[in-house]
Amino acid sequence: MTIQQIERFVGTESNRFARIFLKERTVEGILISAPDFLELKKKNFWRVVTVNNMEEYGRSKDLNLSRIFNGQGFVKIAAK
């Protein structure tokens, strides 16, 4: 997907829960807005905290719990 398509989904909600369909699998989690958000967005990279790490991330806000995905690998994004 393109940067514009992903931005349209995210909109003004930076921590929106989503189901992201990748070419090889599906990931559920939240797209987060971290300090490097603008830099990553320019390159079509996106930080996602998966369902497995959401509780811990909610307590600590540790960016090491997130994974960076390339937007070109996104096939579809849907709200859950």
Side-chain angles (χ1 to χ4, degrees):
M1 294 180 73
T2 65
I3 295 169
Q4 293 79 15
Q5 291 172 314
I6 298 170
E7 275 186 314
R8 223 177 335 210
F9 175 81
V10 173
T12 57
E13 292 183 53
S14 61
N15 292 342
R16 187 171 179 189
F17 191 81
R19 177 176 284 154
I20 303 166
F21 297 91
L22 302 170
K23 293 177 182 174
E24 62 279 347
R25 66 183 190 281
T26 302
V27 175
E28 290 183 346
I30 54 174
L31 291 151
I32 62 169
S33 179
D36 59 357
F37 179 78
L38 293 175
E39 182 182 336
L40 290 174
K41 182 177 84 167
K42 288 177 190 174
K43 300 173 186 173
N44 202 7
F45 287 109
W46 306 89
R47 277 193 189 274
V48 177
V49 176
T50 61
V51 174
N52 301 339
N53 296 327
M54 281 177 42
E55 188 176 319
E56 177 75 24
Y57 177 78
R59 285 193 299 266
S60 68
K61 300 295 184 200
D62 182 8
L63 291 180
N64 291 322
L65 296 170
S66 66
R67 295 191 56 203
I68 297 175
F69 290 92
N70 187 335
Q72 289 297 320
F74 292 15
V75 175
K76 178 181 168 185
I77 301 177
K80 180 155 183 194

Could you list the donor-acceptor pairs under 3.5 angstrom formed between side-chain atoms of residues 63-75 and any protein atom two or more places apart in sequence or on another chain?
from, atom 1, to, atom 2, distance (Å)
Asn64, ND2, Asp62, OD1, 3.3
Ser66, OG, Arg47, NH1, 2.9
Ser66, OG, Leu63, O, 2.6
Asn70, OD1, Gln72, N, 2.9

Q: Decide, yes or no, whether a salt bridge links Lys42 with Glu39 under the criterion of side-chain N to carboxylate O below 4.0 Å.
A: no
Q.
Distance check, rounded to the nearest 0.5 Å: Thr2 atom OG1 versus Arg8 atom CZ?
A. 6.5 Å
Q.
Count I, L, V, M, F, W, Y as connected when their side-chain heavy atoms are under 4.5 Å apart, and connections chain through other members. Are Val10 and Val27 then in the same cluster?
A. yes
**Q.** From Ile77 atom CD1 to Arg19 atom CZ, the distance as rounded to the nearest 0.5 Å
**A.** 13.0 Å
Q.
Could you work out, with side chain to side chain contact (heavy atoms under 4.5 Å, CB included) as the rule, every residue matching Lys61, not counting sequence neighbours?
A. Tyr57
Q | From Leu38 atom CG to Ser33 atom OG, the distance as rounded to the nearest 0.5 Å | A | 7.5 Å
**Q.** Rounded distance [0.5 Å steps], CZ in Phe21 versus CE in Met1
**A.** 11.0 Å
Q: Could you give me the CA-CA distance, side-chain angles and deciding distance for Phe9 and Lys76, then say whether side chain to side chain contact (heavy atoms under 4.5 Å, CB included) is met?
A: CA-CA 10 Å; Phe9 175 81; Lys76 178 181 168 185; over 6 Å; no
Q: Kindly work out whether a path of hydrophobic side-chain contacts (I/L/V/M/F/W/Y, heavy atoms less than 4.5 Å apart) joins Leu40 to Leu22.
A: no
Q: Flag yes if more than 12 heavy atoms outside Gln5 fall under 6.0 Å of its CD atom; otherwise flag no.
A: yes
**Q.** Hphob cluster co-occupancy, Val48 + Phe37, side-chain heavy atoms under 4.5 angstrom
**A.** yes
